[in-house]
2 protein chains.
Amino acid sequence: MISTRTSQPDVIAALEDAGLRITGQRRQVVAAIERRDGGFSAEDIAGELEGVGRATVYRTLKLLVKADVLCKLALPDGTPMYSPSRLEHHHHSVCTSCGAVEEFRDTTVERFLRSLTREIEGEIVGHRMEVFIRCLSCLGSSSS
Amino acid sequence: MISTRTSQPDVIAALEDAGLRITGQRRQVVAAIERRDGGFSAEDIAGELEGVGRATVYRTLKLLVKADVLCKLALPDGTPMYSPSRLEHHHHSVCTSCGAVEEFRDTTVERFLRSLTREIEGEIVGHRMEVFIRCLSCLGSSSS
DNA sequence: CTGATAGTTGATACTTACTATCAATAACTT
DNA sequence: AAGTTATTGATAGTAAGTATCAACTATCAG
């Protein structure tokens, strides 16, 4: 069974544990991302939360990414997208038509990275992997 | 033996084949990226080529990426980096300290993608993968 | 509960990495 | 050589943030 995470109180607790203050604005941003499922932009959140300043939204998203409860990914052209993170260690598939994001766990990439450890000179400190797809509903409703 | 590509005349020929005009500016941009080896930014090139307009540099880099002779990658924070592409199908390791870029071919990722085809609903249309490292010289000269 | 203290906020201005516009220019075509 | 059409570059604009800093407020110590 796959472990899921990221219920709102947990996120708040994680921020507390990191020695950060629990402000109304941070609660609002956390609540806003909990409500979302696919990908979204920082401006989406900033627009939705009229009462929270843009700078605070960006700062909070950055905190949440660092706290590992939010993923920052990118479309093929580099446009950034955020997506709530619910699986422990995972990667993403992003539909290039509608922006739907799915998480998937994988072990193949982990195996791959272990084998790279032998090939690459230097120390591996991280990686990024995104798979771009056309999701079923976009395939279905497409003209081509 | 691994096939290498991207000698200057080839790139120019590729642009011609695509029905594009060979202008002095495009030659200059191609020459500039040929001279480089690690990662660089569009502004690096624009700064180096005083005689070529910024817009043209950006446009040409985009063409070269589409022509598959240049890769656009990103640092962990999303900052874009360009790197000349010399291997047929490859991924990159990027040193997060000095920005050095290495290309490596891989088959594991390809295998991984094939297995994903069975797991993922929808059609895989692309992927992005970057491995972030600390290269040997940065490890050597580091305080930590 | 009451300050004190130090982390947070938000308005604003700035930065980076581009993209759109459009008149002027230069490559290919014949 | 002339015409056609892609390309260029100056400029202005956009997207996604980040820096600044005075005002604010969570949290702690008493």
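The shown structure was predicted, so the numbers you read here are calculated from the model rather than taken from an experiment. Here is how names work: the chains are called A, B, and so on, in the same order as the sequence lines, proteins then strands, and each is numbered from 1.
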Return no unless some side-chain N or O of [X] is found under 4.0 Å from OP1 or OP2 of [N].
X       : N      : answer
B:Arg26 : D:dA6  : no
A:Gln25 : C:dG10 : yes
B:Lys62 : C:dA17 : no
B:Thr79 : C:dA17 : no
B:Thr56 : D:dG9  : yes

*Carefully, step by step, assess B:Arg26 and B:Thr60 under the rule side-chain hydrogen bond (donor to acceptor under 3.5 Å, both in side chains).*
CA-CA 6 Å; B:Arg26 285 179 180 167; B:Thr60 306; 4.5 Å; no
*asked:* Which label fits A:Phe40 and A:Tyr82: parallel for a plane angle under 30°, tilted from 30 to 60°, or perpendicular past 60°?
replied: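 Because their plane-to-plane angle is under 30°, the rings of A:Phe40 and A:Tyr82 count as parallel.
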*Select base, sugar-phosphate, or nothing to describe what B:Ser41 touches, counting heavy atoms under 4.0 Å on all strands.*
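If one applies the 4.0 Å heavy-atom cut-off, B:Ser41 turns out to touch nothing in the nucleic acid.
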*Which part of the nucleic acid does B:Gly51 contact within heavy-atom distance under 4.0 Å: base, sugar-phosphate only, or nothing?*
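Touches sugar-phosphate only.
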I need the [atom1]-[atom2] distance between [X] and [N], as an integer number of Å.
X       : N      : atom1 : atom2 : value
B:Glu16 : D:dA6  : CD    : C1'   : 14 Å
B:Leu15 : D:dT8  : CG    : P     : 10 Å
A:Leu75 : D:dA16 : CG    : P     : 10 Å
B:Tyr82 : C:dT16 : OH    : C1'   : 12 Å
A:Arg27 : C:dT8  : CZ    : P     : 14 Å
B:Gln28 : D:dG9  : CD    : P     : 9 Å
B:Lys72 : C:dT16 : NZ    : P     : 16 Å
A:Glu50 : C:dA11 : CD    : P     : 11 Å

*Assign each of A:Gly53 and B:Glu43 to its nearest nucleotide of DNA chain C by heavy atoms, then name whichever residue's nucleotide is nearer the 5' end.*
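This one resolves to A:Gly53.
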Out of [options], which has the shortest distance to the side chain of [X]?
X       : options                : result
A:Tyr58 : D:dG17, D:dT7, C:dA17  : D:dG17
A:Arg21 : D:dG17, D:dT27, D:dT8  : D:dT27
A:Val52 : C:dC18, C:dG10, D:dG17 : C:dG10
A:Ala55 : D:dT27, C:dA17, C:dG10 : C:dG10
A:Pro80 : C:dT21, D:dA16, C:dG10 : D:dA16

_Basic-acidic side-chain contact under 4.0 Å: A:Asp37, A:Arg86_ =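 Salt bridge present between A:Asp37 and A:Arg86.
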*Confirm from the modelled atom types if A:Arg54 and D:dG17 form a donor-acceptor pair under 3.5 Å, side chain to base only.*
yes
*Side-chain donor/acceptor of A:Arg59 to base of D:dG17, under 3.5 Å*: no
*Indicate yes or no: at least one non-hydrogen side-chain atom of A:Val30 is less than 4.5 angstrom from one of A:Val69.*
no
*asked:* Apply side-chain hydrogen bond (donor to acceptor under 3.5 Å, both in side chains) to residues B:Asp77 and B:Thr79 and explain how you reach the verdict.
replied: CA-CA 6 Å; B:Asp77 70 349; B:Thr79 305; 2.8 Å; yes
*Short side-chain donor-acceptor distance under 3.5 Å, A:Thr56 and A:Arg59*: yes
